[in-house]
Every structure is written in structure tokens, then in C-alpha cells.
Novice: 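Supplied in C-alpha cells, the structure appears directly below.
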Amino acid sequence: MRIATWNVNSIRARVDRVTAWLERSDVDVLAMQETKCKDAQFPVLPFEAAGYEVVHHGLNQWNGVAIASRVGVSDVEPAFPGQPGWGEPAAAEARALGATCGGVRVWSLYVPNGREVADPHYVYKLGWLAALRDAAKEWTSPDAPPTLLVGDWNVAPRDEDVWDPAFFEGRTHVTAPERDALTALEDVGFTELTRAYTEGQFTYWDYTQLRFPKRQGMRIDLAYGSPSAAAHVVGAAIDREERKGKGASDHAPVVLELDT
DNA sequence: ATGCCCGCATACTGCGGA
């Protein structure tokens with residue numbers, strides 16, 4: 001089975017590119033982030049024409065997460081237990097969608113950006129990741145299905161995951177508390193599954209400043225697996241080709257290969 | 001080196017993205 005994650009940065013602007021990629025990539029399950037639309041606006045038909053069912057959670061023009069699957073999709077959850085909201089009073093955001101596809105529990109995740117270290121959004125980001133860790137504790141029990149946490153984490157786990165660590169000093173995505181929040185996922189039994197197969201590669205390049213042709217990117221799209229999921233991973237790849245050309249998302253799709 | 005930012009919204013400017 002092949003499972004991919006892709007921050008599509010608006011599904012309505014990119015549906016042709018995404019479904020064309022799906023059809024030629026032999027991917028069974030695609031987790032999408034930043035669909036930027038409400039449920040009723042999601043272009044379901046092109047996915048169905050390609051042989052995929054789609055579940056989507058979108059509340060407005062921001063965020064939005066989806067899962068397309070050609071191996072079934074059931075037990076859909078539009079948030080993880082304890083997922084915080086944003087603002088005062090806290091408002092729900094469409095940043096997590098769980099579904100079981102082909103026997104694997106898949107969570108499509110769009111972690112809050114954090115904006116700046118001094119911004120309340122940064123506090124929200126850290127709280128969001130802590131709540132996810134608490135929920136994930138329950139997903140490593142022996143009776144839980146193999147679980148994958150995939151998406152746009154908005155954290156570069158290591159200095160080598162950004163094109164210039166000096167550029168990011170004092171900015172979000174690279175701070176110790178953000179990185180510690182990912183390590184905490186490993187402490188409850190999850191493993192990052194893509195790095196071992198994609199050393200030295202990035203998943204995101206800013207639209208500005210010729211970042212992509214200059215190869216100035218970041219690794220922020222990651223896949224964490226529970227022990228029973230990690231045991232089935234036999235490969236991973238970042239499809240850098242998809243970042244090229246007119247109409248590309250600023251993120252590339254990341255593909256996981258499982259021996260199931 | 002696959003190209004000098006993009007998408008959205010009661011829209012001709014501001015916001016969020018990272």
C-alpha cells in the first residue's frame with residue numbers, strides 16, 4: 001500500500017494537478033492539508049472519476065484537511081480527542097481528520113503555523129502539539145490499529161531540515177520547544193518514517209525569492225507511525241517534480257510505501 | 001536552473017502562509 005501526504009495549498013486551485021498526480025503515482029491513500037474550502041466546495045467528482053473516495057473537513061477559507069482513498073474510508077473523525085481551538089473564545093479549526101483506510105488509521109494533520117515566537121499563535125501551536133501527543137499515547141496500545149500521523153507539521157526537526165539555520169534564528173519552525181514537541185511523540189512510541197529514505201531532501205519551498213530553483217527549502221511535511229505501522233514501512237519518497245512549473249503548491253507530496 | 005509569491009474574500013487591498 002502507498003500512502004501520501006500533501007499540503008495542496010487550495011484544492012480548488014489545484015484539483016487537476018492533484019488528481020493527475022494521483023492517477024500516475026499508484027497511491028492508494030492521499031492525506032491533504034490546506035484545502036482552503038468548506039465541505040460543500042470540495043471538488044469531489046474529479047477524485048471519484050479517478051477511483052477515490054474523499055472525506056473532507058473544512059469550515060471556511062483557512063486550513064481544511066482531507067483524505068482520498070481507493071482502499072476504503074471509515075470511522076471518520078473531524079478532530080482528535082482534546083484538540084484545542086484558536087482564539088478567545090476558542091474556535092474550532094479544521095486541522096485534523098482521521099479515517100481508517102485499508103486497515104490503517106490515518107490522520108491528516110495541519111499543525112498551526114505559530115507565526116512568530118512572540119505571537120499567541122505560537123503558544124497555540126505548542127498546546128496543539130502537546131494535545132496531539134496526549135491523544136497519540138492511546139494509539140500505540142496493542143489493540144489499536146496501525147496508526148500514521150501525516151501532514152504539514154510546520155516544524156523542521158533538525159538544523160539540516162532548513163536551507164540556512166542562521167536565516168531561521170529567532171523564528172518559528174526551528175525553536176527548541178517546537179522540536180521538543182515532536183520528540184515527545186517519539187517518547188510515546190511514534191517514529192518518523194520518511195527521513196531514513198529521503199536524507200538531505202526538503203518538502204517545502206517558499207514561493208518568493210526563487211527559493212525552489214535555488215534549492216532553499218525546508219523539511220516540514222513528515223510522517224509518524226505507531227510501532228505496528230512503522231514495522232510495515234519499506235520506503236518513502238518526496239516527489240520534488242511536483243513543485244515545478246505553473247500552478248504548483250509550495251509543498252511537494254511525500255509518499256510512504258508499506259508492505260501491506 | 002524548470003523560473004523572480006500565491007490564494008482567498010462581500011475583493012481593486014489585506015491577511016495568512018513559513
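Every chain is numbered from 1 and lettered A, B, ... according to where its sequence line falls, protein lines coming before strand lines. Side-chain atoms are counted along with the backbone in the values below, which use heavy atoms only and exclude waters and symmetry mates.
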Novice: Please tell me which of the listed nucleotides, B:dG16, B:dC8, B:dA18, lies nearest to the side chain of A:R115?
Specialist: B:dG16
Novice: Do A:Q33 and A:S108 have side-chain N/O donor and acceptor atoms under 3.5 Å apart?
Specialist: yes
Novice: Kindly point out which of B:dG3, B:dA18, B:dG7 is positioned nearest to the side chain of A:K244?
Specialist: B:dG3
Novice: Is there a Watson-Crick or G-U wobble partner for B:dT10 with both distances under 3.5 Å, and which nucleotide is it?
Specialist: none
Novice: Tell me which nucleotide among B:dA18, B:dC5, B:dG16 gets nearest to the side chain of A:W62.
Specialist: B:dG16
Novice: Would you classify A:R12 as touching base, sugar-phosphate or nothing, given that sugar-phosphate means primed atoms plus P, OP1 and OP2, and contacts are heavy atoms under 4.0 Å?
Specialist: sugar-phosphate
Novice: B:dA11 and B:dC15: how far apart are their C1' atoms, nearest whole angstrom?
Specialist: 12 Å
Novice: Side chain of A:R215: nearest nucleotide among B:dT2, B:dG7, B:dA18?
Specialist: B:dT2
Novice: Taking NZ, NE, NH1 and NH2 as the nitrogens, is one of them in A:K137 or A:D134 under 4.0 Å from a carboxylate oxygen of the other?
Specialist: yes
Novice: Heavy atoms under 4.0 Å, any strand shown: does A:F212 hit a base, just sugar-phosphate, or nothing?
Specialist: sugar-phosphate
Novice: State whether the number of non-hydrogen atoms from other residues, nucleotides or ligands found under 6.0 Å of A:W163 atom CH2 is greater than 12.
Specialist: yes
Novice: Which of these nucleotides, B:dC4, B:dA18, B:dC8, is closest to any side-chain atom of A:L210?
Specialist: B:dC4
Novice: Who does B:dG3 pair with, Watson-Crick or G-U, both distances under 3.5 Å?
Specialist: none
Novice: Out of B:dC8, B:dT2, B:dG17, which nucleotide sits closest to the side chain of A:K36?
Specialist: B:dC8
Novice: Could you work out which one of B:dG7, B:dT2, B:dG17 sits closest to the side chain of A:R240?
Specialist: B:dT2
Novice: Counting only side-chain heavy atoms from C-beta out, which of B:dA18, B:dG16, B:dC8 sits nearest to A:N113?
Specialist: B:dA18
Novice: On the six-membered ring of A:W205, is A:R240 placed so that its NZ or CZ lies under 6.0 angstrom from the centre and within 45° of the ring axis?
Specialist: yes
Novice: Which of the following nucleotides, B:dG3, B:dA18, B:dG7, is nearest to the side chain of A:E34?
Specialist: B:dA18
Novice: Quantified in whole Å, what is the C1' atom distance between nucleotide B:dC8 and nucleotide B:dC4?
Specialist: 23 Å
Novice: Using the C1' atom as the reference point in each nucleotide, state the distance between B:dG3 and B:dA9 in Å, no decimals.
Specialist: 29 Å
Novice: Of all the nucleotides listed (B:dC8, B:dG17, B:dC5), which has the minimum atom distance to the side chain of A:T208?
Specialist: B:dC5
Novice: Applying a 4.0 Å non-hydrogen cut-off, can you work out what A:N63 is touching in the nucleic acid: base, sugar-phosphate, or nothing?
Specialist: nothing
Novice: Can you tell me, in whole Å, how much space there is between the P of B:dG7 and that of B:dA18?
Specialist: 14 Å
Novice: Respond yes when some side-chain nitrogen or oxygen of A:H251 is under 4.0 Å from OP1 or OP2 of B:dA18, and no when none is.
Specialist: yes
Novice: Taking the basic N atoms (NZ, or NE/NH1/NH2) and the acidic carboxylate oxygens, is any pair closer than 4.0 Å for A:D206 and A:R211?
Specialist: no
